[in-house]
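Scroll down for the structure; my scribbles are underneath it.
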Amino acid sequence: MTTLLITGGAGFIGSHLTRLFVTKYPEYHIVNLDELTYAGNLENLQDIENAPNYTFVKGNIIDAALLQQLFNKYAFTAVLHCAAESHVDRSITDPLAFVKTNVLGTATLLQTAKDNWKNDFTGKIFYHISTDEVYGSLGDTGFFYENTAYDPRSPYSASKASSDHFVRAFYHTYGLPVKISNCSNNYGPFHFPEKLIPLCIHNIINNKPLPIYGKGENVRDWLFVEDHARAIDIIFHKGKTGETYNIGGHNEWTNIALVKELCKQMDIKLRREPGDSAKLITYVTDRAGHDLRYAIDATKLKEELGWVPSLQFEEGIAKTIDWYLENSEWLRDVTSGAYKEYYEGLYK
Ligand code: NAD
Ligand code: DAU
């Protein structure tokens with residue numbers, strides 16, 4: 001049996017990816033290594049936790065001894081590396097946490113894979129899941145391509161850029177068979193409510209202010225999370241070794257237009273008067289170093305591997321809102337305890 005290591009499988013994207021692989025490939029054994037930080041939650045995987053081809057291990061990717069034990073026990077032939085500190089605002093208050101997990105953690109994982117595969121790389125894959133933020137910030141026009149020069153501007157994106165560089169360095173120096181994808185902003189179920197869309201859904205439900213940084217004119221390119229997982233599946237199985245693939249939704253929204261759209265849809269779902277939720281919109285101090293615009297050109301992925309997003313935004317966002325309304329217990333659980341402290345500290 002092929003045994004794959006997924007890191008960070010209890011997080012937002014990792015849980016969708018783990019579910020996809022566990023259900024679609026019963027012939028693979030999936031081991032999910034996750035430290036269960038504030039962002040990791042085993043509730044995200046309840047529906048597959050007893051699957052015969054799935055094992056969960058709690059642990060940290062910077063723990064080289066643990067990684068070695070797991071390679072000894074499971075003889076992984078592939079790594080799908082999702083674990084990361086992922087929130088830009090947290091990286092502004094605690095950059096070193098991002099260096100530890102995203103840089104040191106990725107390097108530790110690369111080194112362990114290389115040592116265990118002992119230069120016999122046939123049939124092996126180290127797949128690194130990365131972000132479009134490594135390319136920096138766009139003006140009003142243009143797109144990020146796979147060959148766009150790196151220009152990270154936040155501690156988060158600098159740590160992800162660094163991890164991408166290590167992955168490529170292991171490919172060029174040791175021949176480690178790597179694949180990298182850089183994706184735009186994801187949205188969908190199980191998204192932790194520190195990020196814009198789930199935070200606003202949570203606050204609309206609870207009649208709390210919707211904090212818009214600056215003037216709300218920054219632009220993001222939103223992709224439904226299951227489409228990201230599907231793209232990773234295709235690149236993992238059919239993408240070329242040593243290559244990078246951009247993944248994006250061709251779905252750009254200014255933050256303020258996006259939040260107004262959410263308010264409109266939630267007024268209908270919550271049977272409120274039109275315009276009621278939008279009254280919660282509150283402009284707050286801008287994020288330090290706030291990137292203006294991200295937009296991905298995913299032509300390579302479409303032309304080489306035939307991937308296009310399957311969901312239109314209207315459908316994806318409606319599904320997402322319904323999921324949050326139907327899973328109030330999940331939302332309550334993740335917003336209790338430490339979340340409150342974080343939230344009150346950030347939006348003083
Ligand atoms: P997330 O914060 O929701 O989940 C991260 C997961 O990693 C959590 O389960 C957490 O417990 C785990 N983790 C964190 N540090 C760890 C460590 N040291 N050891 C083991 N596990 C650890 O993140 P996400 O939004 O699902 O992002 C997943 C990956 O995709 C990241 O690499 C991120 O950079 C990338 N990405 C995210 C987006 C997005 O819009 N969310 C877009 C493009 C790329
Ligand atoms: O582009 C991919 C990246 O998208 C991923 O690599 C990151 O892991 C992910 O967190 C996301 O980063 P962003 O910073 O774009 O996402 P976030 O949801 O934090 O913010 C989206 C936009 O909304 C951004 O312009 C900042 C703004 N914003 C965010 C929050 C949390 C607000 O205006 N108010 C808020 O309260």
Side-chain angles (χ1 to χ4, degrees), residues 6 8-24 30 32 34-51 54 56 58 82-83 86-87 90 185-211 220 222-230 249 251 258-259 261-272 276-277 280 309-344 346-347:
I6 296 186
F12 168 47
I13 295 167
S15 62
H16 288 276
L17 186 63
T18 304
R19 177 174 300 99
L20 178 68
F21 270 63
V22 166
T23 54
K24 187 171 173 188
I30 311 295
N32 169 15
D34 195 300
E35 174 68 352
L36 299 181
T37 68
Y38 77 93
N41 185 352
L42 290 179
E43 279 183 55
N44 299 359
L45 292 164
Q46 255 170 5
D47 54 333
I48 56 151
E49 68 189 2
N50 295 319
Y54 172 69
F56 174 72
K58 183 182 179 317
C82 245
S86 69
H87 190 36
R90 288 183 190 256
N185 287 61
N186 286 211
Y187 69 96
F190 302 112
H191 203 182
F192 193 80
E194 63 185 352
K195 311 278 170 68
L196 182 68
I197 289 183
L199 184 140
C200 286
I201 293 175
H202 172 256
N203 286 11
I204 292 170
I205 294 171
N206 293 291
N207 269 307
K208 287 166 73 178
L210 309 177
R220 297 292 183 265
W222 293 95
L223 177 71
F224 192 64
V225 61
E226 288 177 11
D227 273 329
H228 186 188
R230 226 169 31 80
N251 176 42
L258 176 70
V259 172
E261 179 63 26
L262 273 179
C263 290
K264 201 167 95 188
Q265 294 214 20
M266 298 246 347
D267 279 343
I268 299 167
K269 305 255 185 205
L270 296 170
R271 298 206 172 82
R272 291 182 181 165
D276 263 8
S277 299
L280 299 168
S310 70
L311 272 195
Q312 293 299 312
F313 188 64
E314 293 65 31
E315 202 184 331
I317 202 70
K319 264 177 99 160
T320 305
I321 295 171
D322 287 344
W323 186 87
Y324 280 93
L325 292 174
E326 285 156 18
N327 289 277
S328 48
E329 209 173 308
W330 182 93
L331 202 49
R332 208 176 39 244
D333 287 353
V334 301
T335 52
S336 58
Y339 175 85
K340 282 202 176 118
E341 215 174 287
Y342 164 79
Y343 192 85
E344 279 153 20
L346 190 65
Y347 299 99

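Atoms CD1 and CG, from Ile204 and Leu210 in turn, are 5.0 Å apart once rounded to the nearest 0.5 Å. Within the model, atoms CG of Asn41 and CD of Gln46 stand 8.5 Å from one another, a figure rounded to the nearest 0.5 Å. To the nearest 0.5 Å, atoms CG (Asp322) and CD (Gln265) are separated by 9.0 Å. Taken to the nearest 0.5 Å, the CZ atom of Phe192 stands 9.5 Å off from the CG atom of Leu331. Distance OG/Ser15 to CD/Glu43: 11.5 Å, rounded to 0.5 Å. Atom CG of Leu270 is separated from atom CG of Asp276 by 10.0 Å, given to the nearest 0.5 angstrom.
A donor-acceptor pair under 3.5 Å links the side-chain atoms of Asn32 to the main chain of Gly9, judged by distance alone. Looking at Asn206, its side chain never comes within 3.5 Å of a backbone N or O of Lys208 through a donor-acceptor pair.
Residue Pro189 comes nearest to Phe12 through the heavy atom pair O-CE1, 3.2 Å, listed as atom of the first residue, atom of the second, then distance. Across all their heavy atoms, Ser277 and Asp267 have their closest contact at OG-OD1, 2.6 Å. In terms of heavy-atom proximity, Asp34 sits nearest to Ala10 at OD2-N, 3.0 Å. Counting all heavy atoms, side chain and backbone alike, Leu196 lies closest to Leu258 at CD2-CD2, 3.9 Å. Between Trp222 and Phe313, the shortest heavy-atom contact is CB-CE1, 4.0 Å. In this structure, Leu223 and Gly249 approach most closely via the heavy-atom pair CD1-CA, 3.9 Å.
The side-chain heavy atoms of Asn203 and Pro211, taken from C-beta on, include a pair separated by under 4.5 Å. Side-chain contact check for Val225 versus His191: every heavy-atom pair is 4.5 Å or farther apart.
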*asked:* Evaluate Met266 against Tyr324 for side chain to side chain contact (heavy atoms under 4.5 Å, CB included), listing each step before the verdict.
replied: CA-CA 11 Å; Met266 298 246 347; Tyr324 280 93; over 6 Å; no
*Apply side chain to side chain contact (heavy atoms under 4.5 Å, CB included) to Thr23 and Asp47, showing your working.*
CA-CA 10 Å; Thr23 54; Asp47 54 333; over 6 Å; no
*Check against side chain to side chain contact (heavy atoms under 4.5 Å, CB included), Phe190 and Trp323*: CA-CA 9 Å; Phe190 302 112; Trp323 186 87; 3.4 Å; yes
*Evaluate the side chain to side chain contact (heavy atoms under 4.5 Å, CB included) criterion for residues Arg272 and Asn207: first the C-alpha distance (whole Å), next the side-chain angles of each, then the deciding distance (0.1 Å), finally the verdict.*
CA-CA 11 Å; Arg272 291 182 181 165; Asn207 269 307; 3.5 Å; yes
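Every residue two or more places apart in sequence or in another chain that forms a side-chain hydrogen bond (donor to acceptor under 3.5 Å, both in side chains) with Trp330 is listed here: Asn44. For the salt bridge (charged side-chain N to carboxylate O under 4.0 Å, His left out) test, no residue two or more places apart in sequence or in another chain qualifies with Lys319. Contacts of Asp227 classified as salt bridge (charged side-chain N to carboxylate O under 4.0 Å, His left out), with partners at least two apart in sequence or in another chain: Arg230. Checked against salt bridge (charged side-chain N to carboxylate O under 4.0 Å, His left out), Glu261 has the following partners two or more places apart in sequence or in another chain: Lys264. Residues satisfying the side-chain contact (heavy atoms from CB on, under 4.5 Å) criterion with Leu20, sequence neighbours excluded, are Lys24, Ala229, Asp233.
Remark: of the listed residues Ile30, Thr18, Leu36, Leu36 is the sole one forming a side-chain contact (heavy atoms from CB on, under 4.5 Å) with Phe56.
Pairs passing the salt bridge (charged side-chain N to carboxylate O under 4.0 Å, His left out) check and including a residue from residues 185-196, sequence neighbours excluded, read Arg90-Glu194.
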